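Comments concern the structure below.
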There are 2 protein chains.
Amino acid sequence: MRNAEFDREHVLRAAMHAFMNKGYAKTSMQDLTKATGLHPGSIYCAFDNKRGLLLAALDQYQQDRTTELQGFFSGKGPVLSQLKNYLDSIVGECLLTGVPQACLLTKALSEIASQDEEIQAMITANLSGWQQALTDKFSLAQANGELSSQRDSAHLGRFFVMGIYGLRTFAQTSPEPAILQQLADQLFQDVCA
Amino acid sequence: MRNAEFDREHVLRAAMHAFMNKGYAKTSMQDLTKATGLHPGSIYCAFDNKRGLLLAALDQYQQDRTTELQGFFSGKGPVLSQLKNYLDSIVGECLLTGVPQACLLTKALSEIASQDEEIQAMITANLSGWQQALTDKFSLAQANGELSSQRDSAHLGRFFVMGIYGLRTFAQTSPEPAILQQLADQLFQDVCA
DNA sequence: CTCTTTCTTGAATATACGTTCAAGATACGC
DNA sequence: GCGTATCTTGAACGTATATTCAAGAAAGAG
């Protein structure tokens with residue numbers, strides 16, 4: 001008997017960043033061996049192939065993002081300000097330099113969804129889980145009386161998610177802090193008023 | 001003397017669709033020769049290389065989209081309903097089947113922007129031209145008294161564009177007509193009210 | 001300590017890709 | 001109708017790629 005030597009989460013985060021930097025197709029196995037520190041044989045042993053590594057990386061990404069989101073809603077204040085903090089943090093993320101700013105899920109969706117049903121299904125499931133988590137926050141805000149119960153929380157969740165998709169794409173065209181913040185503020189206002 | 005035999009626009013539209021289907025990296029020269037009907041030598045003679053073909057296709061895409069947009073605003077009715085028609089047509093486009101629904105500009109931006117400054121610059125310029133065209137329509141609506149002059153037309157243009165980015169991404173995750181239309185309606189209402 | 005199982009290593013393999021180029025075909029000028 | 005300039009053709013080239021595999025290293029069992 002003998003256990004694997006590498007740290008799976010560490011490896012997957014490295015692969016995540018490689019895929020976010022160059023996209024799936026342009027990221028070569030050589031890039032991946034350099035990024036992860038693993039040799040080709042080890043990658044193929046642990047993840048079958050390049051595609052399997054992407055699937056595992058997508059899964060890790062979703063886990064990381066889920067715990068990150070939960071962090072914003074673990075406190076005791078009003079849900080709506082937690083939501084605003086969350087949105088503002090996304091604006092901040094879009095403005096980081098030297099780090100891939102795009103969301104791995106939407107990036108992979110745009111690149112490969114139409115060519116691989118399984119990957120498409122996985123990404124869609126992950127994004128829709130995220131959307132549901134946000135929808136639940138709107139429902140909670142309604143239950144707390146912070147938001148009119150007249151509104152459809154599912155619709156608010158969808159519109160909020162759509163806005164974040166748009167914000168991230170917009171940030172790729174002109175990453176100006178003041179403008180992105182203004183767009184985020186408007187989005188939040190339209191959703192919560 | 002002898003003139004080229006192929007129709008440049010026809011070839012570029014074929015290349016456009018090929019790139020929209022598979023993305024830049026995954027579209028092979030073999031795909032492109034099949035799609036365009038041109039032999040490798042002809043492509044390299046006319047466009048230098050695969051990258052040059054993409055640049056030319058991006059240019060053609062922008063031209064096609066510009067004339068398409070102008071068509072929505074050539075009539076005499078209120079600008080705001082023309083804008084609504086334009087937005088609705090995008091919803092319709094997202095729901096087409098068998099045809100690539102994504103915007104070539106944003107798709108290419110997501111795939112290659114971080115790796116090629118010239119392509120990034122071209123895409124950014126094209127998208128910002130589109131944004132400006134829409135901003136001009138908001139200004140026109142204000143001049144016509146259809147829209148409060150209190151509002152910042154540049155901001156409205158940006159928010160509208162952001163919404164369309166988001167709508168297109170959302171459509172890739174769940175292309176349900178009623179939901180997309182509801183999102184578009186909300187976007188239009190938030191922008192115009 | 002030794003054996004055996006499992007993991008690691010990285011060179012080797014086959015394939016697919018972007019690109020080139022020399023030969024052949026075609027249209028225009030004279 | 002001929003000559004020439006230009007375009008077209010598609011096979012050939014070198015490279016880069018994803019993947020495999022057999023040899024070597026390491027860890028646990030007895």
Side-chain angles (χ1 to χ4, degrees), chain A residues 1-58 104 107-108 111-112 114-119 122, chain B residues 1-58 104 107-108 111-112 114-119 122:
Chain A
M1 283 295 168
R2 192 183 161 198
N3 296 325
E5 287 178 4
F6 63 85
D7 174 6
R8 189 183 165 92
E9 288 196 11
H10 188 76
V11 162
L12 287 179
R13 294 212 180 88
M16 256 173 47
H17 286 108
F19 285 134
M20 285 194 267
N21 269 325
K22 290 205 180 187
Y24 177 69
K26 256 289 187 71
T27 303
S28 66
M29 284 305 292
Q30 203 173 353
D31 292 330
L32 290 168
T33 57
K34 191 175 291 183
T36 61
L38 262 56
H39 293 247
S42 302
I43 293 183
Y44 279 82
C45 178
F47 307 104
D48 277 17
N49 49 31
K50 185 180 164 183
R51 179 173 175 277
L53 181 54
L54 175 70
L55 283 167
L58 286 170
L104 179 61
K107 178 147 184 155
E111 182 178 352
I112 21 185
S114 62
Q115 302 165 59
D116 190 317
E117 285 196 20
E118 187 186 351
I119 293 184
M122 176 167 184
Chain B
M1 286 294 168
R2 191 184 162 197
N3 297 326
E5 287 178 1
F6 63 86
D7 173 7
R8 188 182 165 92
E9 289 196 10
H10 189 75
V11 162
L12 287 179
R13 294 212 180 87
M16 255 172 49
H17 286 108
F19 285 134
M20 284 193 266
N21 269 325
K22 289 203 180 189
Y24 177 69
K26 254 294 187 67
T27 303
S28 66
M29 284 305 291
Q30 203 173 350
D31 292 331
L32 290 168
T33 58
K34 191 175 289 183
T36 61
L38 263 55
H39 293 248
S42 302
I43 293 183
Y44 280 82
C45 179
F47 306 103
D48 277 16
N49 48 31
K50 185 181 164 185
R51 178 172 175 279
L53 181 54
L54 175 69
L55 283 167
L58 286 170
L104 179 60
K107 178 149 184 153
E111 184 178 351
I112 20 185
S114 62
Q115 301 164 60
D116 190 315
E117 284 195 20
E118 187 186 353
I119 294 184
M122 175 169 186

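Letters A, B, ... mirror the listed sequences (proteins, then strands); counts begin at 1. Since the structure is predicted, the reported quantities are computational estimates derived from the model, not experimental observations.
Nucleotide C:dG18 holds its P atom 11 Å from the CG atom of B:Leu53, rounded to whole Å. Atom CD1 of A:Ile43 and atom C1' of C:dT9 are 13 Å apart (whole Å). Atom CZ in A:Phe47 sits roughly 16 Å away from atom P in D:dT20 (whole-Å rounding). Rounding to whole angstrom units, CG of residue A:Leu38 and P of C:dG10 are separated by 12 Å.
For B:Ser42, whose side chain is taken as the heavy atoms from C-beta onward, the closest listed nucleotide among C:dG18, D:dT9, D:dT20 is D:dT9.
With sequence neighbours excluded, the residues that form a salt bridge (charged side-chain N to carboxylate O under 4.0 Å, His left out) with A:Asp31 are A:Lys22. With sequence neighbours left out, B:Ala56 forms a side-chain contact (heavy atoms from CB on, under 4.5 Å) with B:Arg8, B:Leu12, B:Phe47. Looking at residues two or more places apart in sequence or on another chain, you find no side chain to side chain donor-acceptor pair (under 3.5 Å) involving B:Glu117.
Contact annotation: the side chain of B:Arg51 approaches that of B:Asp116 to within less than 4.5 Å [non-hydrogen atoms, C-beta and beyond].
A donor-acceptor contact shorter than 3.5 Å links the side chain of B:Lys50 to the backbone of B:Thr27.
Here B:His39 reaches the OP1 or OP2 of D:dG10: one of its side-chain N or O atoms lies under 4.0 Å away. Residue A:Tyr44 places at least one side-chain N or O under 4.0 Å from the OP1 or OP2 atom of D:dT19.
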Can you give me the N/O atom pairs linking the protein to nucleotides 11-17 of chain C at distances under 3.5 Å, or say none if there are none?
none

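B:Lys107 and A:Glu111 make their closest contact through NZ-O, 4.4 Å (heavy atoms, listed as atom of the first residue, atom of the second, distance).
Taking the C1' atoms of five terminal pairs at each end of the helix from C:dC1-D:dG30 to C:dC30-D:dG1, the two resulting helix axes are inclined by 10°, rounded to 10°.
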Given the rule in the side chain to side chain contact (heavy atoms under 4.5 Å, CB included) test, do B:Asn49 and B:Leu53 qualify, once you have shown the distances and angles that lead to the verdict?
CA-CA 6 Å; B:Asn49 48 31; B:Leu53 181 54; over 6 Å; no
Pairs of donor and acceptor atoms involving the side chains of residues 33-41 of chain A, under 3.5 Å and at least two apart or interchain, shall be tabulated with distances.
unit_1  : atom_1 : unit_2  : atom_2 : d
A:Thr33 : OG1    : A:Met29 : O      : 3.3
A:Thr33 : OG1    : A:Gln30 : O      : 2.8
A:Thr36 : OG1    : A:Leu32 : O      : 2.7
A:Thr36 : OG1    : A:Leu38 : N      : 3.1

